[in-house]
Enquirer: 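Structure below; questions to follow.
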Amino acid sequence: MTNGTSLDPWYDSYAQRTAGLSASEVRALFAVASRPEVVSLAGGMPYVSALPRELVTGSLDRVMAEDAAMALQYGGGQGLRSLREHIVDVMSLEGIRASADDVVVTTGSQHALDLVTRLFIDPGDVVLAESPSYVGAIGVFRSYQAETVHVATDEHGLVPEALRETIANLRAQGKRMKFLYTIPNFHNPAGVTMSRERRIEVVDICRSNGILVLEDNPYGLLWFDEAAPQAIRSIDDEGVVYLGSFSKTLAPGFRVGWALAPHAIREKLVLANESAVLAPNSFGQYVVNAYLDAADWKGQVDTFRGLYAERRDAMLSALGEFLPDLSWTKPNGGFFVWLTLPESLDSKGMLPRAVKELVAYTPGTAFYADGRGGGNIRLSFCYPTPEHIRLGVKRLATVVNDELELLETFGPATRPNSVVRMSSSVSAPPPNIS
């Protein structure tokens, strides 16, 4: 045994890749945000109280009455066949034609993301990701010692020309690019949706460069004004791995997600799944399967859609009323608004003052692998009531205005990484889009 440190005697024994493990800025907020007096606009927690209890208890009762012996037992590494058939039906709503044989059930889509990264990434490989990108994905890529390189986005999603330029620059440096990670629908954290034309172009770019596309789509069915374009996987079934989840359209507590992959990748995913967990959660699979068998699950998705649309509207209205000089994205679905602060403010540095004012948000720095994002805030509208959303935005406005007043008095400070401007991130609509 080596000496380690006074706090951790095993410090010198850890694998090198553990250096990439770090606490999520979102998770670190939960302890504060869960206090009842704090309005949390931080976490992307679904409003599961809108799920009628009888739908869940009915599914539980059926499983225990009819399938208890199997549901409480080990299962196969690929997942329950009947559930995989239901998943194929769910994906068909977004234009995907697939076989249940190519679906692998996982412990949430985060697990699927981890498995795909494990299969493809060697230390030093490059993962291309939108700018900004999902904090949980950045953590996975870092844990496998990948280099995450961000690609510019705007109000229509990933910018194809920026993708071409990024690939060319990385190739000139001799870098190995394994896959592009994208959330094309109602992006987390930016709230934007990739246009149909760009989806086709992105697939062409990646195909011509031998780069896999990893399409993460937890929010696709939660559209408000109009449905998102059909999935990227519907364009190319050989160059795209599609990740899905029941966490947003049913409940995250079941921890049931999936990956749809080309056949050869599917085989390796099953082996990696068995190596990691032996088999995905059998009981959760049986309950979700029973729910999809008997419940009006499409009607329940409609209920969630209406509820989140109302909350989106409440947030945009409150931003227009209390922070009219700022800019933000206008999501057509999902859970998030991406707010751009005045030049002089730093979202991470401002957070302690916000918590003191009893409002929590996620600073934009959580969504970059390179330290950017200080000029942005992710606001989540999925969990608070419309009344609490309004109150939270009002409190946030107090924080922003107080910070600006202090800067006028004492002079501006330099924002961390301020040399990197938001031109490589999401271009927010003008302030009056609310």
Side-chain angles (χ1 to χ4, degrees), residues 70 74-122 125 127-128 134 136-137 140-141 144 146 176-185 199 202-203 206-207 209-218 220 230-247 249 254-282 284-286 288-289 292:
M70 295 298 293
Y74 291 114
Q78 190 170 357
L80 184 65
R81 173 79 192 192
S82 54
L83 176 60
R84 287 187 278 122
E85 291 171 349
H86 277 304
I87 287 170
V88 168
D89 291 338
V90 171
M91 292 188 296
S92 71
L93 298 177
E94 297 185 270
I96 296 174
R97 291 180 294 178
S99 165
D101 291 337
D102 289 326
V103 175
V104 180
V105 179
T106 57
T107 307
S109 60
Q110 182 77 12
H111 180 212
L113 176 61
D114 185 275
L115 293 178
V116 173
T117 306
R118 183 195 303 185
L119 290 179
F120 281 93
I121 294 298
D122 290 316
D125 285 345
V127 173
L128 300 168
Y134 168 49
V140 169
F141 304 151
Y144 285 100
R176 293 195 306 173
M177 294 160 280
K178 290 297 183 66
F179 59 79
L180 166 69
Y181 172 74
T182 177
I183 307 173
N185 297 332
R199 294 174 194 232
V202 164
V203 165
C206 289
R207 184 190 293 128
N209 285 279
I211 296 171
L212 183 71
V213 176
L214 185 55
E215 178 182 16
D216 196 356
N217 188 34
Q230 291 189 337
I232 296 175
R233 169 72 191 211
S234 71
I235 302 169
D236 182 1
D237 57 6
E238 287 300 318
V240 180
V241 174
Y242 175 99
L243 308 184
S245 175
F246 290 107
S247 292
T249 55
F254 290 115
R255 305 309 303 132
V256 176
W258 70 90
L260 171 67
H263 183 78
I265 297 176
R266 186 283 313 272
E267 287 295 301
K268 288 182 171 59
L269 279 173
V270 173
L271 294 175
N273 207 11
E274 293 172 342
S275 174
V277 297
L278 292 183
N281 174 6
S282 292
Q285 289 184 75
Y286 271 89
V288 173
N289 187 66
L292 296 172

Enquirer: Please evaluate residues Tyr181 and Phe141 with respect to the criterion ring pair (Phe, Tyr, Trp, His ring centres under 6.0 Å), reporting the C-alpha separation (whole Å), side-chain torsions for both, the decisive distance (0.1 Å), and the verdict.
Expert: CA-CA 10 Å; Tyr181 172 74; Phe141 304 151; 5.6 Å; yes
Enquirer: Using a 4.5 Å cut-off on heavy atoms from C-beta on, say whether the side chain of Asp122 contacts that of Arg176.
Expert: yes
Enquirer: Nearest 0.5 angstrom please: Cys206 SG to Ile232 CD1, how far?
Expert: 8.5 Å
Enquirer: Under 3.5 Å, is there a donor-acceptor pair linking the side chains of Tyr134 and Asp216?
Expert: no
Enquirer: Indicate yes or no: at least one non-hydrogen side-chain atom of Glu215 is less than 4.5 angstrom from one of Leu243.
Expert: no
Enquirer: Could you please spell out the steps behind the side-chain contact (heavy atoms from CB on, under 4.5 Å) verdict for Val105 and Leu80?
Expert: CA-CA 8 Å; Val105 179; Leu80 184 65; over 6 Å; no
Enquirer: Is a side-chain donor-acceptor pair under 3.5 Å present for Asn281 with Thr107?
Expert: no
Enquirer: Do Tyr144 and Asp114 have side-chain N/O donor and acceptor atoms under 3.5 Å apart?
Expert: yes
Enquirer: Taking it one step at a time, do Leu128 and Ile211 satisfy side-chain contact (heavy atoms from CB on, under 4.5 Å)?
Expert: CA-CA 9 Å; Leu128 300 168; Ile211 296 171; 4.2 Å; yes
Enquirer: Does any N or O in the side chain of Asp236 come within less than 3.5 Å of the main-chain N or O of Val203, such that one atom is a donor and the other an acceptor?
Expert: no
Enquirer: Any idea which heavy atoms bring Leu269 and Ala261 closest together, and the distance?
Expert: CD1-CB, 3.8 Å
Enquirer: Report yes if the side chains of Leu212 and Val241 come closer than 4.5 Å at any heavy-atom pair, otherwise no.
Expert: yes
Enquirer: Does a side-chain heavy-atom distance below 4.5 Å link Gln230 with Glu94?
Expert: no
Enquirer: Checking Ser92 side chain against Asp89 main chain: does a donor-acceptor pair fall under 3.5 Å?
Expert: yes
Enquirer: Once you round to the nearest 0.5 Å, how far does CG of Asn217 lie from OG1 of Thr182?
Expert: 9.5 Å
Enquirer: Could you tell me whether a side-chain N or O of Gln110 sits under 3.5 Å from a main-chain N or O of Gly136, the two making a donor and an acceptor?
Expert: yes
Enquirer: Mind checking whether Phe120 and Phe179 have parallel, tilted or perpendicular rings, split at 30° and 60°?
Expert: perpendicular
Enquirer: So do Lys268 and Ile265 actually touch side chain to side chain, heavy atoms under 4.5 Å?
Expert: no
Enquirer: How close do Ala279 and Gly76 get, counting heavy atoms only, and between which atoms?
Expert: CB-O, 3.7 Å
Enquirer: Met91 versus Val103: any side-chain heavy-atom pair under 4.5 Å?
Expert: yes
Enquirer: Do Pro280 and His111 come within less than 4.5 Å of each other through their side chains, counting heavy atoms only?
Expert: no
Enquirer: Between Asp102 and Arg84, does at least one N-O distance fall below 4.0 Å, as a salt bridge requires?
Expert: no
Enquirer: Nearest 0.5 angstrom please: Met70 CE to Ser282 OG, how far?
Expert: 8.0 Å
Enquirer: How many angstroms lie between atom NZ of Lys178 and atom CG of Asp125, to the nearest 0.5 angstrom?
Expert: 3.5 Å
Enquirer: What do the steps show when you test Leu260 against Arg233 for side-chain contact (heavy atoms from CB on, under 4.5 Å), and what is the final call?
Expert: CA-CA 9 Å; Leu260 171 67; Arg233 169 72 191 211; 3.6 Å; yes
Enquirer: What verdict does the side chain to side chain donor-acceptor pair (under 3.5 Å) test give for Thr106 and Arg255, after you've listed the backbone C-alpha separation in whole Å, the side-chain angles of each residue and the deciding distance to 0.1 Å?
Expert: CA-CA 8 Å; Thr106 57; Arg255 305 309 303 132; over 6 Å; no
Enquirer: Please name the pair of heavy atoms, one in Gly79 and one in Gln285, separated by the smallest distance, quoted to 0.1 Å.
Expert: CA-OE1, 3.3 Å
Enquirer: Is there side-chain contact between Leu83 and Phe246, with at least one heavy-atom pair below 4.5 Å?
Expert: yes
Enquirer: What's the separation between atom CD1 in Ile96 and atom OG in Ser234, rounded to the nearest 0.5 Å?
Expert: 6.5 Å
Enquirer: Starting from the C-alpha separation in whole Å, work towards a yes-or-no answer on side-chain contact (heavy atoms from CB on, under 4.5 Å) for His86 and Asn289.
Expert: CA-CA 7 Å; His86 277 304; Asn289 187 66; 3.0 Å; yes
Enquirer: Do you know the tightest heavy-atom contact between Arg118 and Ser275?
Expert: NH1-OG, 4.1 Å
Enquirer: To check you understand the geometry: which heavy-atom pair defines the closest contact between Ile121 and Ala146, and what is its length?
Expert: CG2-CB, 3.7 Å
Enquirer: When you measure from the side chain of Thr117 to the backbone of Leu113, do you find a donor-acceptor pair of N or O atoms at a distance under 3.5 Å?
Expert: yes
Enquirer: Rounded to the nearest 0.5 Å, what separates atom CH2 in Trp258 from atom OG in Ser245?
Expert: 6.5 Å
Enquirer: Grab the two heavy atoms, one from Ser99 and one from Val88, that are nearest each other, plus how far apart they are.
Expert: C-CG2, 3.8 Å
